[in-house]
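In this chain, numbering begins with 1 at the start of the sequence shown. All values reported here derive from a predicted model rather than from experimental measurement.
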Amino acid sequence: MKQACSILSVIIVGFSIYKYRYKLLNLMMRQPGLRRVLIRFALRVPYVRQKLMGSLFSFPHTTEKL
């Protein structure tokens, strides 16, 4: 019975986190220290870093020669 109760609890908590994930993320991003840690963690992921840096520092491509 204890095992069934704990499995049910994990499922309910997981569903709640999934359902309110954007509200939780906004709540975490309001805290300056936690925001800094989350951004550092995200920038360690190569795909995220490449996409973010590519969109931030994109330069217009020209075919003209100076």
Side-chain angles (χ1 to χ4, degrees):
M1 185 66 185
K2 272 187 167 182
Q3 188 177 11
C5 219
S6 63
I7 290 174
L8 183 62
S9 298
V10 168
I11 290 172
I12 290 172
V13 168
F15 178 74
S16 298
I17 289 173
Y18 179 76
K19 184 175 180 181
Y20 298 109
R21 65 189 181 269
Y22 296 115
K23 289 184 181 186
L24 291 171
L25 186 61
N26 285 335
L27 181 70
M28 288 188 293
M29 294 300 268
R30 286 185 200 146
Q31 309 299 321
L34 189 56
R35 178 176 51 226
R36 191 176 303 124
V37 169
L38 290 172
I39 290 173
R40 282 183 186 165
F41 176 75
L43 288 177
R44 288 184 182 172
V45 178
Y47 178 77
V48 173
R49 184 178 57 232
Q50 180 184 11
K51 287 293 185 183
L52 184 63
M53 292 302 173
S55 67
L56 287 176
F57 300 112
S58 63
F59 297 101
H61 298 287
T62 59
T63 56
E64 298 177 23
K65 293 194 176 197
L66 299 174

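In this view, V48 and A42, V45 satisfy the side-chain contact (heavy atoms from CB on, under 4.5 Å) rule, not counting sequence neighbours. Listed by chain and residue number, I7 satisfy the side-chain contact (heavy atoms from CB on, under 4.5 Å) test with I11 (two or more places apart in sequence, or in another chain).
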Distance-only criterion, 3.5 Å: show the donor-acceptor pairs between side-chain atoms of residues 26-34 and protein atoms not counting sequence neighbours.
from	atom 1	to	atom 2	distance (Å)
N26	ND2	Y22	O	3.4

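Expressed to the nearest 0.5 Å, how far OG of S6 lies from CD of Q3 amounts to 6.0 Å. Distance CD1/I17 to CD1/I12: 12.5 Å, rounded to 0.5 Å.
At least one cation-pi condition fails for R44 and F41: the charged atom is not both under 6.0 angstrom from the six-membered ring centre and inside a 45 degree cone around its axis.
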